Each structure stands twice: as structure tokens, then as C-alpha cells.
*Asks:* 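Dropping a structure here in C-alpha cells format, bear with me for questions.
Remember, predicted model here, so these are calculated numbers, not experimental data.
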Amino acid sequence: MRKQTTIKRPVSYSGVGLHTGHKTTVTFQPAPPETGVVFVRTDLPDRPKIKADVAHVTDVARGTTIGQNGVKILTVEHVLAAFAGLGIDNVFCEVDANEPPVGDGSSIPFVEVLNEAGIVEQDRARKEAKLASSVVYENNGLVLVAFPSDKLILSYLIEYGHPLLGTQFKSLAIEPSVFVKEIAPARTFCFLHDVEQLKAQGLIKGGSIENAVVIGDEEILNDNLRFEDEFVRHKLLDLLGDLVLLGIPLLGHIIALKAGHAAHVEFVKQLRHETYLNGRRQACAFPSKKGDVHGLTADQIQEIIPHRHPFLLIDRVTRLEEKSIYGIKNVTISEPFFAGHIPGLAIMPGVIILEAMAQLGAILILKYLGKEGKLPYLLGIEKAKFRKAVYPGDQIEMMAQIVNLHKNYGKLRGEARVNGVLATEAEVTFALPR
């Protein structure tokens with residue numbers, strides 16, 4: 001079995017941020033097993049940390065931004081791609097500004113310094129997410145499909161309708177030697193007619209033909225391309241970087257059609273519900289009382305929280321991790337709230353969806369604290385947004401994640417989705433049981 005890896009010694013790379021234009025240095029530090037990829041803002045008090053995780057994505061406009069508690073790191077995908085391509089599992093990325101340096105617009109500068117640092121195995125088996133069946137994401141013609149495979153294969157098709165790009169397709173099995181030679185050198189690109197608009201949006205302040213391929217109406221402004229199909233190769237690079245947000249390396253064949261960062265991130269969220277960890281579904285980080293490592297049945301849920309019909313609003317917990325939980329609610333026309341909510345319009349009340357998310361969060365807190373059967377009390381709901389109506393026949397897929405825990409209370413962030421589309425989101429605060 002493969003071992004987890006980190007780097008042997010610290011190394012740094014300096015430059016300017018693509019979008020901010022800030023002078024910035026990123027220092028890569030060795031990290032212990034199970035750390036994953038963690039960014040550290042060394043320019044801020046207390047050196048806040050942000051783990052590279054899809055739950056921390058805050059923006060996908062011309063790059064992937066992650067953040068927590070108001071602290072952000074912009075354009076992380078090229079750095080993340082270097083880790084994934086070289087097979088580095090655990091590393092601290094110390095950044096002295098809010099964006100890593102763009103270098104030449106590819107991952108090669110990071111590859112070079114990471115190889116200079118050296119890669120070392122650690123005394124812990126590498127966890128890998130393996131697909132049990134195909135996963136499909138589609139939105140307005142953007143498509144990503146993942147098929148089971150014993151290795152990571154990425155295939156990408158781009159079609160911009162521009163005479164200098166045409167239609168490009170590339171498919172590669174991701175291994176360090178292949179990544180370094182075929183993907184890492186591919187640079188980011190933009191169209192000349194978009195430059196002024198991007199600048200008006202406060203973006204690409206550090207952009208130039210030194211760190212991006214610029215495509216005019218009739219010619220490419222750079223002297224030459226590194227590959228004839230450099231554009232689609234860079235899309236492979238972006239996808240590989242965004243896949244790091246899954247949290248563990250993925251095994252599968254992914255085919256992307258006309259996608260981008262926004263679609264990548266939504267796809268990664270969907271993958272979290274479908275992947276297998278070392279051959280079994282990522283479920284409990286610790287087995288339930290009856291040994292069900294795939295989640296929790298309704299009977300097992302009732303051993304943890306006191307809710308009963310008609311107010312038990314979770315049909316099954318599909319996955320339970322240390323600080324996050326996933327579950328489903330099948331919405332039927334026989335639900336008691338449909339009869340009196342809005343007669344003639346069967347729509348699930350938003351407050352009921354919030355209650356279902358709160359029940360899921362209560363299960364997570366009680367399992368995390370080892371206090372099954374006790375009762376955390378709901379103290380508050382913040383940042384609640386209702387984005388999509390829920391009707392009879394829908395299946396709600398819910399997620400709750402611990403934001404922080406204090407001595408007397410805890411805060412969780414929850415999402416509810418239908419067919420992969422966000423329906424409801426909120427933050428809930430609980431008084432913790434003693």
C-alpha cells in the first residue's frame with residue numbers, strides 16, 4: 001500500500017499575484033500525516049490557517065479562492081495542481097499575502113522548488129477515494145463525468161468558437177512523470193477582448209504576457225506556445241488542482257466538457273457523496289453502535305436524537321466523518337405539513353428544511369462529543385438562504401459541518417440540495433449538552 005508523503009525541507013518561491021498584483025512569497029513546509037494541504041496567512045495576526053477543502057471555497061471567478069472567517073487565499077489551483085501531480089499529500093503553504101505568486105502562469109515554478117525540497121514517504125498509509133459507480137454533473141451544457149478506475153485519468157474537451165483555439169481534446173493518466181512533462185508547463189490564458197473587463201472587475205492586476213497566454217482576434221500575442229494544444233492542457237491542470245479540494249486523492253476517469261472552476265467545484269461537492277475510501281464508502285470515521293460503517297439507519301438515528309414521527313426529518317445518514325455529516329430526506333406528499341402549509345401548492349416549508357439540517361447537525365455534535373441520547377439545544381440560525389423550492393418526490397441531500405466548538409456552544413454550517421442544486425443553506429448554533 002502506498003504511503004502518505006510530504007516534503008523533506010522548507011522551500012520558497014516569490015513573485016506577484018495574478019489578480020491582486022501584490023508581491024508575495026509562498027513557503028512550502030513539511031507537514032505531519034493526515035494534515036492535507038493547509039494554507040497559512042503569515043501576514044496576518046495569529047497566522048490563520050485555511051485547509052484546501054471544497055467546503056472552504058468562497059469564489060470561482062477566474063480562479064479558485066478559499067477562505068474561512070473572512071480570511072482568503074486567491075488563485076490556489078496552480079499550487080494545488082503541483083501537489084497532486086507530484087503526489088504530495090501533506091504540506092503547509094505559508095503565504096505572506098492573499099494570493100500565491102503566479103510565476104509564469106503554469107505549475108512549473110512550484111514543481112521545481114518542490115522537487116528541490118525533495119519528497120519523502122511518511123509512516124501512514126495513503127487514503128484514496130475510489131468511485132463505486134459513475135458520477136455525472138451537468139449545468140447549461142457544462143458536463144463532468146467520472147467513471148470508476150484504478151488510477152486517475154483526466155480527459156478534457158474545450159470548444160471556445162475561436163479560430164485560434166478551435167476544438168481541443170486531451171486525455172492523460174496522471175503520474176508524476178506525465179504531469180511534469182505534459183501538464184505542468186501549460187500556462188493560463190485569456191482573450192484580449194476580455195482584458196479591460198477583467199481589469200474593471202479588479203482582476204488580473206498582476207497579469208501580463210509573461211504569466212499568461214493572451215489570445216487576440218487574429219493572433220496570439222505571446223512569441224510561441226509550449227504545446228500546440230497548450231490551452232486544453234492548462235484546463236487539465238486547473239481540474240487537477242481543483243480535485244485536491246476533495247480532501248484525499250481520487251481514483252477515477254474524469255471527462256470534462258467545456259467546464260471551468262465553478263463546475264469543477266460543484267462536481268467535487270457531488271463526488272464527496274459518491275466516493276469510496278480504500279474500497280468502501282466514506283462513512284463513519286468511527287462505527288455506529290450496530291457496526292454500520294456505511295452511515296446510520298433511521299433506527300440508529302433514533303438512538304442518538306430524541307425526535308420521532310412526524311418530526312424525525314432524516315431518513316438516513318449516508319456518511320459520517322469526524323467533523324462533517326451527510327444525510328437524506330425523502331419528501332413525500334403524505335408529509336403532514338403539506339396539508340396545511342399552503343393549500344393547493346405542495347411546497348416544503350423552509351423552516352422545516354432548516355429543522356432537518358439542525359437535526360443532522362445535532363447527530364454530528366452528539367457523535368463527536370460521545371453524548372448520544374442527550375440533547376443539544378438550538379440557540380440561533382444565521383445566514384439562512386432559500387434558493388430553490390422543494391416539492392413532493394424530491395430527495396434532499398443534506399450536509400452539516402462543524403465550524404467551531406466552544407465549551408458551552410457549537411456552530412455548524414449546513415446545506416440542503418436537490419439533484420445537486422443548492423436549495424437551502426444556513427449556520428446554526430447549539431448549546432452543548434453536559
*Asks:* Okay, side chain of Tyr156, backbone of Ala259: is any donor-acceptor separation there less than 3.5 Å?
*Replies:*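 Yes: the side chain of Tyr156 pairs with the backbone of Ala259.
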*Asks:* Check whether any side-chain heavy atom of Val143 lies under 4.5 Å from a side-chain heavy atom of Tyr137, and answer yes or no.
*Replies:* no
*Asks:* Do Val26 and Val79 come within less than 4.5 Å of each other through their side chains, counting heavy atoms only?
*Replies:*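 Contact flag for Val26/Val79 side chains = no.
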*Asks:* For the OG1 atom of Thr167 and the CG atom of Asp229, what is their distance to the nearest 0.5 Å?
*Replies:*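 The OG1 atom of Thr167 sits 12.5 Å away from the CG atom of Asp229.
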*Asks:* Among Gln4, Glu121, Glu34, which residue satisfies the side-chain contact (heavy atoms from CB on, under 4.5 Å) criterion with Asp89?
*Replies:* Gln4
*Asks:* Has the side chain of Asp53 got a donor or acceptor atom that lies under 3.5 Å from a matching backbone atom of Ala55?
*Replies:*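 Checked: pair present.
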*Asks:* Are the charged groups of Glu128 and Lys130 less than 4.0 angstrom apart, N to O?
*Replies:* no
*Asks:* Is there a donor-acceptor pair closer than 3.5 Å between any side-chain N or O of Asp96 and the backbone N or O of Thr25?
*Replies:*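 Here the side-chain-to-backbone pair exists.
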*Asks:* Just checking, is any N or O donor in the side chain of Thr42 or Glu94 under 3.5 Å from an acceptor N or O on the other one?
*Replies:* no
*Asks:* Determine whether a donor-acceptor pair (N or O, by modelled atom type, separation under 3.5 Å) exists between the side chain of Ser106 and the backbone of Ala184.
*Replies:* yes
*Asks:* Are the side chain of Arg187 and the backbone of His234 linked by a donor-acceptor contact shorter than 3.5 Å?
*Replies:* no
*Asks:* Okay, side chain of Asp242, backbone of His264: is any donor-acceptor separation there less than 3.5 Å?
*Replies:* no
*Asks:* Would you say Tyr13 and Pro100 make side-chain contact, with heavy atoms under 4.5 Å?
*Replies:*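 Tyr13 vs Pro100: side chains apart.
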*Asks:* Is a salt bridge present between Arg417 and Glu397, judged by a nitrogen-to-oxygen distance below 4.0 Å?
*Replies:*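 No, Arg417 and Glu397 are not salt-bridged.
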*Asks:* Please check if atom OH in Tyr409 has more than 12 non-hydrogen atoms from other residues, nucleotides or ligands closer than 6.0 Å.
*Replies:* no
*Asks:* Taking all atoms of both residues into account, what is the closest heavy-atom pair of Thr24 and Val16, and its distance?
*Replies:* CG2-C, 4.1 Å
*Asks:* Answer yes or no: is there an ion pair linking Glu335 with Lys329, defined by an N-O contact shorter than 4.0 Å?
*Replies:*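 A salt bridge is present here (some side-chain N lies under 4.0 Å from a carboxylate O).
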*Asks:* With the side chain counted from C-beta on, respond yes when Ile305 and Leu312 share a heavy-atom pair under 4.5 Å apart, and no when they do not.
*Replies:* yes
*Asks:* If you count every heavy atom of other residues, nucleotides or ligands that lies below 6.0 Å from Lys8 atom NZ, does the total exceed 12?
*Replies:* no
*Asks:* Would you tell me whether Asn139 and Glu266 have side-chain atoms, one donor and one acceptor, within less than 3.5 Å of each other?
*Replies:* no
*Asks:* Can you check whether Val331's main-chain N or O pairs, donor with acceptor, with Asp394's side chain at less than 3.5 Å?
*Replies:*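 Side chain of Asp394 to backbone of Val331, a donor-acceptor pair under 3.5 Å: no, none is there.
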*Asks:* For Lys170, is there an ion pair with Glu182 - N to carboxylate O distance below 4.0 angstrom?
*Replies:*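 So Glu182 does not pair with Lys170 through a salt bridge.
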*Asks:* So, Arg413 and Glu415, do they make that salt bridge, N to O below 4.0 Å?
*Replies:* yes
